[in-house]
Student: 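Quick one: the structure is below, questions incoming.
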Amino acid sequence: MAAIFFFFLLPLSTATIPVTLAKSSANPFTEKAALIRYWNRKVSNNLPHPSFIVSKLTPLSAVDASIFSTIAAVDPSNLSTHLASFCALAALLCSSDLTPSLSTHPADSDFTKYENRNFTNYGNEAAGGLSSFKNYSDGLNVPFDTFRRYGRNSAGHDDSFSFYSPDGNVVTANFTSYGSSTAGGIDNFASYDHSSNVPDLGFANYAAEGNGRAAGFSLYSGDANSGDQSFSGYGKNGNGVITAFASYGNNSNVIGSRFANYGEDGNVNNDTFASYGDNGNMPENSFRSYGSGTNAGTDKFTSYRDQSNVGDDSFASYVKGGNDATAEFNKYGKSFNQGSDVFKGYGEGSGNDHINFKSYFGDNTTFKAYAKTGIDFKSYHNSSSSQISTSAVMRPGMNRWVEPGKFFRESSLKKGTVMPMPDIRDRMPPRSFLPRSIAGKIPFSAADVVGIFKIPLGTAMARAVYSTVGDCERSPSRGESKRCAASAEDMIDFAVSVLGSDVAVKSTKNTEGSNENILIGEVKGLNGGKVTSSVSCHQSLFPYLVYYCHSVPLVRVYEAEIMAVDSKKKINQGIAICHIDTSDWSPTHGAFVALGPGPGKIEVCHWIFEGDMTWTIADRL
């Protein structure tokens, strides 16, 4: 059987090679102390080293670093052999084998507060009983769970995934061939992946060839950030399968869902998408070959994508070739900003189907090669025409929503201003820098990093690694200098090369005021408020800390007291950067969507978020 993996921040553990733990950052024989000495040599002032960056420095002792550097020098792939000790001692985001598969199955099983387990072939051919995964993987960082071939050929067995993986970060869950060929039973995914960051969920061949099995995805992925979810082959060849997606992806940010071959060739399947994607930000959903060839099934999209921002849905070959199927789009797509919908091959070749668009809202909808009979457009709303739009196009930069307070004008940075603050919390998992002596020996190649750190392909983490490397390999924009800093030494060197040796690094002190209105207190312009240059560095998702750093010419940088509106008490010390020259920015940039009027016509300001930082010429006032 192929090995299955999961991700987590490894705790300190027994090393597989002779290593010693550093007892204190004050110890001069640690890599952290060596980095501070390097900083002092490269930077000419004696300013304090901010805790927000010192806390990210490697905890490795000099001896440990020397050992791992020697291993990497011979062959970087050899680090995989010592991955457990390497990740534990260097505080990295790493992988390890899952626990052995739990293949036995009592009639009733309680997996409350379990985490990172392998349920391959678990519960196959079970008769009756209940398995509960309540508060499973609660609050974990990068949980990876596999329910491969779970519950196959079972009869009347119920499963509950209540509050599964809440507050997780970079969640990956695999429900491959879950519930295939089952008879009866109920699956409950209540509050699944609630408030998680970057959920990556796969329900491949879920309940395929099932008979009368019911699944409820209630409050699924609510308040989630980004993420991709795949229901590939879900309910295929099923008989009487009932699925309810109630409050799926509500209040989520950029959720992408794919329902490929969902319910294909099913018999009397009933699916309900009630309040699906409500209040979401740019949800993207694809229903490819959904319900094709079904017999007498019923699909209901009630209040689908209601009050969402933009959003793009594709119904390719939806209910194509079906017989006596019923689909209802009731109050579909009443978005805050109109999205775009494509119904390609919708209901084409079907017999005696009943497809009803009741109170359907859409200005950017294309119906291509759809069935000419059996479709009723009742109360179809299109603000530009009473006819079905067949060639609607969304103009670039229009119909977009930007989080309040994400961008603002320089005039807002004055005492007494009340303004919204965006969510500036760092949603990345905690990791440390590697010292240059090690990071410099690891090829900055996605394939190499995935291999060395044993990251399973197809997971959210693997995709993040490829995305990070791709961003770093991108050519700089006109006038931009950039560098991906894979070590703290790299970051210092780049900042000094752009700004000179008299530099300081700044970041907003904490996250107080996020998602609230704030009151601006005393404001101080760095370097006397003069136009200057800076180097901004943004975190990337990687097993060890990597920062995307780029030069930012013609800016003003401010320190501002952030006060509570009601109590007038100081709650934060914010760092804001104002870009004076925006002439090279794209007209579709979110700043112009939020503020208008366009590139080169206004300055644009934003806060430095938690986890990010900006290097400036040291302020001597």
Student: Does the side chain of Pro543 come within less than 4.5 Å of Met461's, by heavy atoms?
Tutor: yes
Student: How about Phe433 and Leu35: do any of their side-chain heavy atoms sit closer than 4.5 Å?
Tutor: no
Student: Can you check whether Cys94 and Cys87 have SGs under 2.5 Å apart?
Tutor: yes
Student: Please work out which of the three classes, parallel, tilted or perpendicular, describes the rings of Trp607 and Phe408, given edges at 30° and 60°.
Tutor: tilted
Student: Using a 3.5 Å distance criterion without hydrogens, assess whether the side chain of Ser534 forms a donor-acceptor pair with backbone atoms of Ser536.
Tutor: no
Student: Enter the distance from Arg425:CZ to Asp423:CG here, rounded to the nearest 0.5 Å.
Tutor: 4.0 Å
Student: So, the side chain of Ser481 versus the backbone of Ser551: is there a donor-acceptor pair under 3.5 Å, distance only?
Tutor: no
Student: Check whether the ring centres of Phe444 and Phe542 lie less than 6.0 Å apart, and answer yes or no.
Tutor: yes
Student: CG of Leu93 to OH of Tyr544: how many Å apart, nearest 0.5 Å?
Tutor: 12.5 Å
Student: For a side-chain contact (heavy atoms from CB on, under 4.5 Å) check, start with the C-alpha distance between Lys509 and Ile562, then their side-chain angles and the critical distance, and finish with the verdict.
Tutor: CA-CA 10 Å; Lys509 185 176 181 180; Ile562 296 175; over 6 Å; no
Student: For the side chain of Thr417 and the backbone of Leu413, is there at least one donor-acceptor N/O pair under 3.5 Å apart?
Tutor: no
Student: Find the distance between OG (Ser432) and CG (Leu92) and round it off to the nearest 0.5 Å.
Tutor: 7.0 Å
Student: Using side-chain heavy atoms (C-beta onward) and a distance below 4.5 Å, is Trp39 in contact with Ile53?
Tutor: yes
Student: Backbone N or O of Tyr547 within a donor-acceptor pair of the Ser540 side chain at under 3.5 Å?
Tutor: no
Student: Using the side-chain hydrogen bond (donor to acceptor under 3.5 Å, both in side chains) definition, which of the options Gln539, Arg474, Arg483 pairs with Tyr548?
Tutor: Arg474
Student: Which heavy atom in Asn510 sits nearest to a heavy atom in Ile424, and how many Å separate them?
Tutor: O-CD1, 3.5 Å
Student: So Cys484 and Cys549, disulfide (SG to SG under 2.5 Å) or not? Walk me through it.
Tutor: CA-CA 6 Å; Cys484 278; Cys549 297; over 6 Å; no
Student: So which atom in Ile617 and which in Leu499 form the shortest heavy-atom distance, rounded to 0.1 Å?
Tutor: CG1-O, 4.1 Å
Student: Taking Thr58 for the side chain and Ala90 for the main chain, is one N or O donor matched with an acceptor at less than 3.5 Å?
Tutor: no
Student: Would you say the side chain of Leu595 lies within less than 4.5 Å of the side chain of Val402, judging by non-hydrogen atoms?
Tutor: no
Student: Check Gly405 against Pro422 and note the closest heavy-atom contact, atom names and distance.
Tutor: O-CD, 3.3 Å
Student: Hey, which of His589, His579, His538 is the one that makes ring pair (Phe, Tyr, Trp, His ring centres under 6.0 Å) with His606?
Tutor: His579
Student: Would you say Ser467's side chain and Arg463's backbone share a donor-acceptor pair under 3.5 angstrom?
Tutor: no
Student: Checking side-chain contact (heavy atoms from CB on, under 4.5 Å) for the pair Lys530/Thr532: CA distance, chi angles, key distance, verdict?
Tutor: CA-CA 6 Å; Lys530 298 177 183 177; Thr532 183; 5.8 Å; no
Student: Just how far is it from atom SG of Cys578 to atom CZ of Arg409, taken to the nearest 0.5 Å?
Tutor: 10.0 Å
Student: In Å, rounded to the nearest 0.5 Å, how long is the span from CG of Leu519 to NZ of Lys415?
Tutor: 9.0 Å
Student: Checking the side chain of Thr582 only, and the main-chain atoms of Glu603 only, is there a donor and an acceptor separated by less than 3.5 Å?
Tutor: no
Student: Taking all heavy atoms of Ala560 and all of Val523, pick out the closest pair and write down the distance.
Tutor: CB-CG2, 4.1 Å
Student: Do Asn515 and Glu403 have side-chain heavy atoms sitting under 4.5 Å apart?
Tutor: yes
Student: Taking the side chain as every heavy atom from C-beta outward, state whether Leu434 and Ser487 have any pair of such atoms under 4.5 Å apart.
Tutor: no
Student: Does Phe407 reach the side chain of Val593, with side-chain heavy atoms less than 4.5 Å apart?
Tutor: no
Student: Taking Glu561 for the side chain and Lys570 for the main chain, is one N or O donor matched with an acceptor at less than 3.5 Å?
Tutor: no
Student: List the steps, then state whether side-chain contact (heavy atoms from CB on, under 4.5 Å) holds for Thr614 with Lys506.
Tutor: CA-CA 5 Å; Thr614 189; Lys506 304 279 187 179; 4.2 Å; yes
Student: Of the non-hydrogen atoms in Ser507 and Ile608, which two are nearest, and what is the gap between them?
Tutor: OG-CG2, 3.9 Å
Student: Can you tell if the side chain of Val505 reaches within under 4.5 Å of the side chain of Pro50, non-hydrogen atoms only?
Tutor: yes
Student: Is the backbone of Pro599 close enough, under 3.5 Å, to the side chain of Ser583 for a donor and an acceptor to pair up by distance?
Tutor: no
Student: Using a 3.5 Å distance criterion without hydrogens, assess whether the side chain of Asn572 forms a donor-acceptor pair with backbone atoms of Gly574.
Tutor: no
Student: Of all heavy-atom pairs between Ala618 and Asn527, which one has the smallest distance, and what is that distance?
Tutor: O-OD1, 3.5 Å
Student: Carefully, step by step, assess Glu559 and Leu526 under the rule side-chain contact (heavy atoms from CB on, under 4.5 Å).
Tutor: CA-CA 7 Å; Glu559 285 185 315; Leu526 300 186; 3.9 Å; yes
Student: Can you establish whether the number of heavy atoms outside Lys406 located under 6.0 Å from its atom NZ is more than 12?
Tutor: no
Student: About how many Å separate CG of Asp619 and CG of Leu47, when rounded to the nearest 0.5 Å?
Tutor: 9.5 Å
